[in-house]
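Side-chain atoms are counted along with the backbone in the values below, which use heavy atoms only and exclude waters and symmetry mates.
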Amino acid sequence: MRRIRGTDSGPELTVRRALFRMGYRYRLHMKGLPGKPDVVFPSRRKVIFVHGCFWHRHPGCKYAYMPKSRVEFWATKFAQNVARDARAHAQLAGSGWRCLVVWECETQDDNLLTIRLSSFLGE
């Protein structure tokens with residue numbers, strides 16, 4: 001687990017490149033916001049979280065499998081991750097911020113990713 005990146009992961013860099021190509025400028029990992037969002041648009045009051053399907057339990061995704069060993073440990077860890085994400089999203093929504101979650105598996109199709117990002121930011 002030491003090699004798992006908290007910031008600048010492959011999916012996060014894919015999202016950031018797509019946003020930059022689309023002409024958007026943003027801030028990264030604002031520590032003052034709940035959940036420390038990956039991409040922040042302060043003037044629009046919008047944030048983007050780039051979640052790994054395995055760690056954040058993307059519902060129905062093949063990458064969100066349960067490891068075969070230490071099942072109780074992993075079940076507890078995943079439940080805590082999902083609860084922490086829900087708390088952060090609720091706190092942001094309560095403060096007037098809009099949130100978008102981009103899942104790791106959604107970053108593989110550039111066209112769909114661009115459409116999703118532009119519809120979120122163009123609102």
Side-chain angles (χ1 to χ4, degrees):
M1 285 182 22
R2 181 182 326 162
R3 296 188 327 188
I4 302 301
R5 301 185 76 131
T7 60
D8 300 333
S9 65
E12 184 182 331
L13 292 176
T14 301
V15 170
R16 286 168 29 190
R17 281 188 208 111
L19 289 167
F20 196 85
R21 264 194 320 263
M22 295 164 60
Y24 291 104
R25 301 303 177 256
Y26 45 83
R27 299 282 170 249
L28 298 176
H29 312 290
M30 287 185 70
K31 295 178 183 173
L33 293 176
K36 204 165 102 175
D38 298 310
V39 181
V40 181
F41 299 92
S43 62
R44 298 171 185 263
R45 293 192 65 82
K46 293 184 179 186
V47 297
I48 298 175
F49 288 94
V50 182
H51 284 336
C53 296
F54 177 77
W55 296 104
H56 298 272
R57 312 315 292 164
H58 185 195
C61 181
K62 67 179 181 179
Y63 300 116
Y65 62 90
M66 179 63 77
K68 302 247 187 279
S69 63
R70 300 182 64 199
V71 176
E72 293 101 23
F73 166 79
W74 287 110
T76 303
K77 179 158 187 61
F78 294 146
Q80 290 171 347
N81 288 352
V82 171
R84 184 179 59 243
D85 293 341
R87 277 193 313 271
H89 293 213
Q91 288 174 343
L92 285 166
S95 299
W97 289 81
R98 303 256 347 255
C99 300
L100 173 69
V101 175
V102 177
W103 293 98
E104 175 184 11
C105 63
E106 295 173 340
T107 62
Q108 296 170 0
D109 187 344
D110 287 334
N111 293 329
L112 289 177
L113 178 63
T114 302
I115 291 169
R116 186 140 186 253
L117 293 172
S118 63
S119 66
F120 174 68
L121 293 170
E123 293 177 342

Would Leu13 end up clustered with Tyr24 when hydrophobic side chains under 4.5 Å apart are linked, directly or stepwise? no
With sequence neighbours excluded, what pairs up with Arg57 under the salt bridge (Lys or Arg N to Asp or Glu O under 4.0 Å) test? none
For a quick check under 3.5 Å, do Glu12 and His29 share a side-chain donor-acceptor pair by atom type? yes
Looking at Arg98 and Leu92, would you say the former's side chain and the latter's main chain have a donor-acceptor pair under 3.5 Å? no
Tell me whether Gln80 contacts the main-chain N or O of Lys77 through its side chain, where contact means a donor paired with an acceptor under 3.5 Å. no
Test side chain to side chain contact (heavy atoms under 4.5 Å, CB included) on Tyr26 and Ile48; report intermediate values, then the result. CA-CA 10 Å; Tyr26 45 83; Ile48 298 175; over 6 Å; no
Within 45° cone of Phe20 ring axis and under 6.0 Å: Arg17 NZ or CZ: no
Looking at the rings of Phe54 and Phe78, which for Trp means the six-membered one, are their centres under 6.0 Å apart? yes
Does Asp38 reach the side chain of Val15, with side-chain heavy atoms less than 4.5 Å apart? no
Rounded to the nearest 0.5 Å, what separation is found between the OG1 atom of Thr14 and the CD atom of Glu106? 12.5 Å
Would you call the rings of His89 and Phe49 parallel, tilted or perpendicular if under 30° counts as parallel and over 60° as perpendicular? parallel
Would one find more than 12 heavy atoms of other residues, nucleotides or ligands at under 6.0 Å from atom CZ of Arg27? no
Distance check, rounded to the nearest 0.5 Å: Asp85 atom CG versus Trp55 atom CH2? 13.0 Å
Is there a side-chain contact between Leu100 and Lys46, using heavy atoms and a 4.5 Å cut-off? no
Between Glu104 and Cys53, is there a donor-acceptor pair closer than 3.5 Å when you use the side chain of the first and the backbone of the second? yes
Minimum side-chain heavy-atom gap Met30-Val47 below 4.5 Å: no
